[in-house]
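This report refers to the structure that appears directly beneath it.
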Amino acid sequence: MRIRGDHTLLAIEGRLDVRSAADARSVLHQAVDYGLGDLVLDLSRLESWDATGLGVIMGTHRRAGRGGRRLVLRGVPAQLQRLLVATRLHRILAIEGYVPEAFAAEPAVSSAQ
């Protein structure tokens, strides 16, 4: 995992999982604590994640809110967007470019008789 950026825009590359969670948490929390305004987290190069990685994102979201900031997710991979919808976290997190219709259940197909 690699995180690049500053206190207003960070990009995560690689895996955000149990092995990288502590380092990611440290960098993200430092960005929240020392920046102003929205903190944009670009996930377009995120290859994989697990529940621990998702917990890091949620913890950063809560920390940002307590500090009067907002965490904005950018470039969220489609698979992660589907997970956020399934867990209803898309209602809590700010997701740039989120299109709810793209992840709605497809209508049932009726058979003609």
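Please read these numbers as outputs of a predicted model, since none were measured by experiment.
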Inset, instruction - Quick one: list whatever passes salt bridge (charged side-chain N to carboxylate O under 4.0 Å, His left out) with Arg62, sequence neighbours left out. - result: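 With neighbours one apart ignored, the set is empty.
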Legend entry - Partners passing salt bridge (charged side-chain N to carboxylate O under 4.0 Å, His left out) against Arg74 (at least two apart in sequence or in another chain):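 With sequence neighbours excluded, Arg74 shows a salt bridge (charged side-chain N to carboxylate O under 4.0 Å, His left out) to Glu96, given in chain and number order.
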Inset, instruction - Could you walk me through whether Trp49 and Asp17 pass the side-chain contact (heavy atoms from CB on, under 4.5 Å) test, one step at a time? - result: CA-CA 5 Å; Trp49 59 89; Asp17 57 20; over 6 Å; no
Inset, instruction - Give me the other members of the hydrophobic cluster that Val40 sits in, counting Ile, Leu, Val, Met, Phe, Trp and Tyr linked by side-chain heavy atoms under 4.5 Å, directly or via other members. - result: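 The other cluster members (ILVMFWY side chains, heavy atoms under 4.5 Å, direct or chained) are Leu9, Val72.
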Do [X] and [Y] have side chains that get closer than 4.5 Å, going by heavy atoms?
X	Y	result
Glu13	Leu46	no
Leu93	Met58	yes
Leu80	Leu43	yes

Residues in side-chain contact (heavy atoms from CB on, under 4.5 Å) with [X], at least two apart?
X	value
Ser48	Arg15
Glu47	none
Thr52	Val18, Ala21, Asp50
Ala31	His7, Leu10, Leu39

Inset, instruction - Could you please spell out the steps behind the side-chain contact (heavy atoms from CB on, under 4.5 Å) verdict for Ile57 and Leu71? - result: CA-CA 9 Å; Ile57 291 172; Leu71 178 66; 4.2 Å; yes
Inset, instruction - Using modelled atom types only, decide if a donor and an acceptor are shared between the side chain of Arg4 and the backbone of Ala11 within a distance under 3.5 Å. - result: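 No, because the side chain of Arg4 does not come within donor-acceptor range (under 3.5 Å) of the backbone of Ala11.
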Inset, instruction - Could you tell me whether a side-chain N or O of Thr87 sits under 3.5 Å from a main-chain N or O of Leu83, the two making a donor and an acceptor? - result: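 It does hold such a pair.
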Legend entry - Pairs touching residues 29-46 that satisfy side-chain hydrogen bond (donor to acceptor under 3.5 Å, both in side chains), sequence neighbours left out: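 Sorted result for residues 29-46: His29-Arg63, Asp33-Arg63, Asp38-Arg70, Asp42-Ser44.
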Inset, instruction - With side-chain contact (heavy atoms from CB on, under 4.5 Å) as the test, would you mind laying out the steps for Asp23 and Ser26 before giving the verdict? - result: CA-CA 5 Å; Asp23 291 337; Ser26 176; 5.8 Å; no
Inset, instruction - Would you please name every residue forming a side chain to side chain donor-acceptor pair (under 3.5 Å) with Thr8, sequence neighbours left out? - result: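 Side chain to side chain donor-acceptor pair (under 3.5 Å) list for Thr8, sorted by chain: Asp6.
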Legend entry - Minimal non-hydrogen separation, His61 against Ile92, with atom names: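 Minimum heavy-atom contact is NE2-CG2, 3.3 Å.
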